[in-house]
Structure formats: structure tokens, C-alpha cells
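Written out below as C-alpha cells is the structure these notes cover.
In each ligand, atom 1 is the first atom listed, and ligand 1 is the first ligand listed. All heavy atoms count here, side chains included; hydrogens, waters and symmetry mates do not. These figures come from a predicted structure and were not determined experimentally.
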Amino acid sequence: MEPLLELRQVKKHFPIYSGGLLRTQHRLLKALDGVNLSLERGACFGIAGESGSGKTTLARLVLLLERATSGEIVLDGKNAARLTNKETAWYRTRVQAVFQDAASSLNPRMRVIDIISEPLEIQREKLDRHQIELRTEQLIRRVGLSAATLRMYPHELSGGQKQRVAIARAIILHPALVVLDEPVSALDVSIRAQILNLLADIQAAEGISYLIIAHDLAVLQNVTTQIAVMYLGRVVETGNTDSVFNDPRHLYTQALLAAVPRPEPGRVKRAPALSGEIGNAMDLPTGCRFHPRCPQAQAMCSQIEPLLKTIKPEHQTACHLV
Ligand code: SF4
């Protein structure tokens, strides 16, 4: 079956200008640099990586908040770069978002009922007030809040309640895909599991696909079916989540996993924790982008960029030593 979403050699390069009024472009920040990704219908696809790896840029491109410099983003067989106005409205209905900081993504001057129902009005669904109230009441209960919450303002809600409202708003148009950018990282640890369980329930009931971005690998391990690990604008390892977590082959993935507390120590090959900082996307290392931090870098690693190769069905990695 055709995947729901495909990214084909997607690049996003930001020109960096200098020179005050007489601005001249003097550098390119290569936030994404040739990313391929395929998201099946009903899947939960995780994107992992440190800050600066390009994962948030990837989310912004999929949400049409930015245009790709080159490459193709294809949803349901339609290239996002060639959408008509009508198709763009269709795309924005099919793909919704939940961001990390619900407090700033919910309009503080609007009541919850209007926040949740706003997408209906933007998409010009012809519902009267009574129908909107019925629909939002159904949804607010679906995300575990009482109907009384609909009359409240965001400042009257806790962080977890705000994120539940953001989720209700994201699913009101029955999207095919929800992009979740660090959906639980701003929440107390005690609330995180509740929100992740809610997301899993909604996915099982509605068949929605998720693209979930998180720096916390424990979150991704629990909820995703596929995962891509990114480093400086490239995918360095990708595949079935169990395979990548239980048998990580890239030294960067191993180092990220070494930092995750595990109930069963020894089940996964341990690696030294990461040292140093992620590199500069304006001045990318030659060869393997990870080589300045890699404990096993060889001479060729600084000269030749490794390509993703299949090491098992549904598991690829980009390292010369694999
Ligand atoms: Fe390390 Fe070389 Fe593999 Fe890159 S290609 S991860 S530098 S061993």
C-alpha cells in the first residue's frame, strides 16, 4: 500500500546574511540535508536526535510552516510543493500538530470551546453553535476532561490539561497524521505517561498516524513503531523501533541509548556517553558528520560520507564500520 507520507531527499538550507543594510548572503545553514523517510498508515514514527539535529525543521516542513529548499514531501501521493490553494486547505486538514508548549500554542483570550472548535471554522465546516457544542463536548470527554472545561480559559488549566486541549483541537478534523513536537517534555513526569497513554488510545481508536519528535528516547521507545535517528541534518539510523533499540548499530545511536536508564542493564550493548557538542550546521564536518565525536573514527571517516545501508529487513544505518 502507498505510504501516507514520504520525504524524498528533502533539504532545508537557510541563507545566513551579513553586512547590515547591504545584506549579502555569506553562508548556508544546512538544517536538513537530504532526508528520506516513509511513514505507513496507522504507524507511529519517532524522530530522535539532539537539539540541532534537524528534527524540528523536519516537523515544520511536514506542517507546511516552511518550504523545503529541494526534494519532495508527498502526502497521500500529492507533492506538497505543487498543491493548489484548495489542495493546501485539504493538506492542512489532513495534517495537524501538537507542540511542546501548550501554554503558548493556546490563545489565552479564547475559551477552550473556541480553541477546540477553531479548526472547524477555518475549514468552513457549516456547523451551528449547538452542533459545535455537541462535538466539542464529545471531544473534551474523549481527552479525559469534563464538559465544564469548555467554558474555561487556558490560564485556569494545568499543563497536562492544556496538552489535552491541544490534542482535542488537533483531532477535531479527523486528520490522517498528527505531528507531535516534544509533546510531553514540558510536563511533570507523573503526567507524561497519562498523555502518552491518551495518545495511544486515540491512535488505536481513530487510526491516526503520528510523527513524534522527542529528545527523550524512553518516550520514543514506548510509543513508536518506527524510528529515525538524526544527526546534523541527516538520518544516521532508521528502522523498526524494537530493532533499533535492541540492536543499535550506529555509534551515535549507541551513545544516545547509553544515556537512557534501563530496567535490564546489559540487554543492549553499552557505549561511552556522548562527549562534546553537536557540530555546526553552517560548517559541517567532512565525511561522516559524527566523526569529530566518534570514539571509533577511522581515517576514511573524515573523508567519505557513509550512506544508509540495510543491515536487516526494516533496519538501516550509515556507518563505515557496519
Ligand atoms: Fe564513527 Fe566512522 Fe561510523 Fe561515522 S562512519 S559513526 S565516524 S565509525
Test item: Arg94 and Lys78 side chains (from C-beta on) under 4.5 Å apart, heavy atoms
no
Within a distance under 4.0 Å of any heavy atom of His250, pick out the atoms of ligand 1 and give their elements.
6 (S)
Using a 4.0 Å heavy-atom cut-off, say whether Gln298 meets ligand 1 through its side chain, its backbone, both or neither.
neither
Atoms in ligand 1 with a heavy atom of Leu321 nearer than 4.0 Å
8 (S)
Out of the candidates Glu133, Glu156, Glu137, only one should pair with Arg151 under the salt bridge (Lys or Arg N to Asp or Glu O under 4.0 Å) rule; please name it.
Glu133
Name the orientation class of the two ring planes belonging to Phe290 and Tyr231 (parallel below 30°, tilted from 30 to 60°, perpendicular beyond 60°).
perpendicular
Using a strict 4.0 Å cut-off to heavy atoms of Cys301, name the atoms of ligand 1 that fall inside it.
2 (Fe), 5 (S), 7 (S), 8 (S)
Contact atoms of ligand 1, heavy-atom distance to Cys294 under 4.0 Å:
1 (Fe), 6 (S), 7 (S), 8 (S)
In terms of the angle between their ring planes, are His155 and Tyr153 parallel, tilted or perpendicular, with boundaries placed at 30° and 60°?
parallel
Using a 4.0 Å heavy-atom cut-off, say whether His320 meets ligand 1 through its side chain, its backbone, both or neither.
both
Are a donor atom and an acceptor atom from the side chains of Thr241 and Thr224 found within less than 3.5 Å of each other?
yes
How far is atom 3 (Fe) of ligand 1 from the closest protein heavy atom, and which atom is that?
Cys319 SG, 2.3 Å
